[in-house]
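Below: the structure, in structure tokens.
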Amino acid sequence: ETGVTQSPTHLIKTRGQQVTLRCSSQSGHNTVSWYQQALGQGPQFIFQYYREEENGRGNFPPRFSGLQFPNYSSELNVNALELDDSALYLCASSFSGAHYGYTFGSGTRLTVV
Amino acid sequence: GENVEQHPSTLSVQEGDSAVIKCTYSDSASNYFPWYKQELGKGPQLIIDIRSNVGEKKDQRIAVTLNKTAKHFSLHITETQPEDSAVYFCAATPGNTPLVFGKGTRLSVIA
């Protein structure tokens with residue numbers, strides 16, 4: 001059974017640029033939730049993708065967008081990067097739109113300069 | 001919406017001692033309370049969870065207790081070992097809605 005994999009592990013972007021983060025869900029899971037974890041804080045929910053559609057969204061602006069593919073993998077896109085977007089972005093997979101039974105990936109550390 | 005507070009923010013214990021981390025939640029409708037362990041450079045890993053129809057749950061050295069009336073729940077780790085050193089997060093959710101996390105507790109187990 002493969003776990004959740006995220007790529008890249010680290011990246012540095014300039015303010016105003018755009019970034020795409022990728023996540024492959026755990027085998028048997030069909031739902032992906034994205035969380036943002038600022039330094040010293042708990043993860044905050046960005047959105048969830050289930051059946052290739054957004055299935056709930058947290059308090060994040062529209063410049064945060066996502067996709068889910070037929071193989072259940074997902075992308076998180078952030079446009080017009082701001083310094084405050086610097087954080088660890090975590091992807092969690094689960095089954096059937098659930099918010100329990102999460103398996104988290106190791107995250108992508110994004111630094112905006 | 002739900003708000004989760006977690007205490008303490010840091011905790012140091014001697015190896016072999018017990019560690020207790022406490023969380024309070026605000027939404028009386030919350031019914032699922034997981035605890036996650038996050039090691040350096042890794043994502044959170046679920047270590048134990050409890051649902052609102054149960055007051056206590058144990059798994060080897062780890063236990064969680066839930067007091068619905070007071071709206072608080074606690075993680076208890078007995079016989080701590082150096083490999084228990086990590087950041088621990090509590091979370092809560094009222095039904096199948098996104099988890100709301102506490103700010104975390106950095107546990108250091110001193111050998």
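Please read these numbers as outputs of a predicted model, since none were measured by experiment. Residue numbers begin at 1 in each chain, while the letters A, B, ... track the order of the sequences.
With a threshold of 4.5 angstrom between heavy atoms, B/P44 approaches chain A through its backbone and through its side chain.
No continuous path of hydrophobic side-chain contacts links A/L90 to A/L21 [ILVMFWY only; heavy atoms under 4.5 Å]. Put simply, A/F104 and A/L76 are part of two different groups of oily side chains (I, L, V, M, F, W, Y) that touch within less than 4.5 Å, one to the next. Tracing side-chain contacts under 4.5 Å through hydrophobic residues (I, L, V, M, F, W, Y), one reaches A/L88 starting from B/F101; they form part of the same cluster.
Crowding of B/E15 atom CD: a count of heavy atoms from other residues, nucleotides or ligands under 6.0 Å exceeding 12. Heavy atoms of other residues, nucleotides or ligands lying less than 6.0 angstrom from CG of A/L39 number 12 at most. Annotation: B/Q60, atom CD; neighbour count of heavy atoms from other residues, nucleotides and ligands within 6.0 Å does not exceed 12. The 12-atom threshold is exceeded at CG of A/L11, counting heavy atoms of other residues, nucleotides or ligands nearer than 6.0 Å.
Contact count against chain B (heavy-atom pairs under 4.5 Å) is highest for A/P43 among A/C91, A/P43, A/G107, A/G42.
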Pairs of donor and acceptor atoms, chain B with chain A, under 3.5 Å:
residue: B/Q38; atom: OE1; partner: A/Q37; partner atom: NE2; Å: 3.0
residue: B/Q38; atom: NE2; partner: A/Q37; partner atom: OE1; Å: 3.1
residue: B/N96; atom: OD1; partner: A/H99; partner atom: N; Å: 2.7
residue: B/N96; atom: ND2; partner: A/G97; partner atom: O; Å: 3.2
residue: B/L99; atom: N; partner: A/Y35; partner atom: OH; Å: 3.2

